[in-house]
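Read the structure below first, then the notes.
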Amino acid sequence: MKISGTVLNDISEKLRIVPPEKGGIIGSRNGIVCVYCLDDGAIQTERNAYVPDVEKLNGMIVQWAEKGIRFAGLFHSHPYPQTELSVADMEYITKIMGAMPDSISELHFPVVVPGLGMTGHLAKRRGGEVIIVQENIMIVKE
């Protein structure tokens with residue numbers, strides 16, 4: 001995943017001061033993540049799950065599309081030192097990918113761990129199957 005250094009730093013800073021399982025969406029232009037929207041949705045700490053405010057985030061995706069920005073995925077935080085996706089994360093990612101239009105075959109699902117940074121995860125839809133792999137994060141200048 002290619003991401004603006006400013007966006008990466010801003011997400012990391014904002015998630016440093018909130019409980020784990022907080023998140024939001026990312027948007028890209030020309031293959032570079034250039035915007036994000038931090039979600040105010042509920043934090044399900046008893047289940048260790050991020051539950052997005054779907055209405056708010058879908059509204060932001062529409063606003064981005066009007067500006068030529070493509071929905072690129074979701075990010076969320078994990079408690080230290082868990083950088084890997086949980087089984088629940090992978091199930092949720094699979095559901096999201098299943099709901100995407102055919103024009104979206106890949107989305108990014110980075111995990112942010114305060115003190116460790118961001119770990120990239122890419123979901124690819126191939127036929128009826130969703131494959132989730134770890135991906136490198138490349139910081140680019142705006």
Side-chain angles (χ1 to χ4, degrees), residues 1-126 129-142:
M1 173 176 81
K2 293 180 181 177
I3 186 169
S4 150
T6 302
V7 170
L8 175 67
N9 290 337
D10 202 28
I11 290 171
S12 296
E13 182 62 24
K14 290 220 165 94
L15 293 183
R16 183 183 65 79
I17 57 174
V18 298
E21 303 302 339
K22 190 75 172 161
I25 57 174
I26 51 177
S28 68
R29 186 184 335 241
N30 300 323
I32 299 170
V33 174
C34 58
V35 295
Y36 75 99
C37 177
L38 187 62
D39 184 13
D40 297 324
I43 301 171
Q44 301 290 323
T45 52
E46 70 279 356
R47 288 183 23 224
N48 287 333
Y50 162 55
V51 180
D53 180 343
V54 175
E55 186 175 329
K56 173 188 176 177
L57 298 179
N58 282 344
M60 184 57 65
I61 291 168
V62 169
Q63 289 178 30
W64 286 349
E66 292 168 355
K67 298 174 184 175
I69 298 170
R70 182 183 81 80
F71 170 62
L74 287 97
F75 64 90
H76 71 285
S77 62
H78 274 182
Y80 185 89
Q82 183 187 349
T83 60
E84 293 303 313
L85 295 169
S86 68
V87 171
D89 290 337
M90 291 187 279
E91 289 172 356
Y92 191 65
I93 289 168
T94 300
K95 285 181 186 177
I96 290 170
M97 294 301 292
M100 290 293 109
D102 290 342
S103 60
I104 298 178
S105 61
E106 297 183 348
L107 288 174
H108 305 281
F109 293 89
V111 171
V112 179
V113 177
L116 292 179
M118 184 181 282
T119 302
H121 303 279
L122 177 68
K124 304 176 191 182
R125 189 174 48 204
R126 301 285 186 255
E129 185 179 10
V130 174
I131 301 163
I132 303 169
V133 297
Q134 195 163 2
E135 70 172 333
N136 292 327
I137 294 179
M138 181 185 304
I139 300 169
V140 297
K141 293 181 181 180
E142 288 85 329

Going from [atom1] on [X] to [atom2] on [Y], what distance comes out if it is rounded to the nearest 0.5 angstrom?
X: Ile104; Y: Arg125; atom1: CD1; atom2: CZ; value: 8.0 Å
X: Arg70; Y: Ser28; atom1: CZ; atom2: OG; value: 4.0 Å
X: Asn58; Y: Asp53; atom1: CG; atom2: CG; value: 9.5 Å
X: His78; Y: Leu116; atom1: NE2; atom2: CG; value: 12.5 Å

Notebook entry, point to check: Are Glu106 and Arg126 ion-paired here, with the side-chain N under 4.0 Å from a carboxylate O?
Noted result: yes
To check you understand the geometry: which heavy-atom pair defines the closest contact between [X] and [Y], and what is its length?
X: His121; Y: Thr83; value: NE2-O, 3.3 Å
X: Leu74; Y: Pro110; value: O-CD, 3.3 Å
X: Lys67; Y: Arg29; value: O-NH1, 2.9 Å
X: Pro52; Y: Leu57; value: CB-CD1, 3.7 Å

Strictly distance-based, threshold 3.5 Å: is any side-chain N or O of [X] a donor or acceptor partner for the main-chain N or O of [Y]?
X: Ser77; Y: Glu21; result: yes
X: Lys22; Y: Asp39; result: yes
X: Asp10; Y: Thr6; result: no

Next item on the list: Check the surroundings of atom NZ in Lys2: do more than 12 heavy atoms from other residues, nucleotides or ligands lie under 6.0 Å from it?
Entry: no
Next item on the list: Could you tell me whether the side chain of Met1 reaches within less than 4.5 Å of the side chain of Ile26, counting heavy atoms only?
Entry: yes
Check: Is there side-chain contact between Phe75 and Leu38, with at least one heavy-atom pair below 4.5 Å?
Finding: yes
Item checked: Polar side chain donor-acceptor pair, Ser86 to Asp89, under 3.5 angstrom ->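 Their side chains do contain a donor-acceptor pair, which is all the 3.5 Å distance test asks for.
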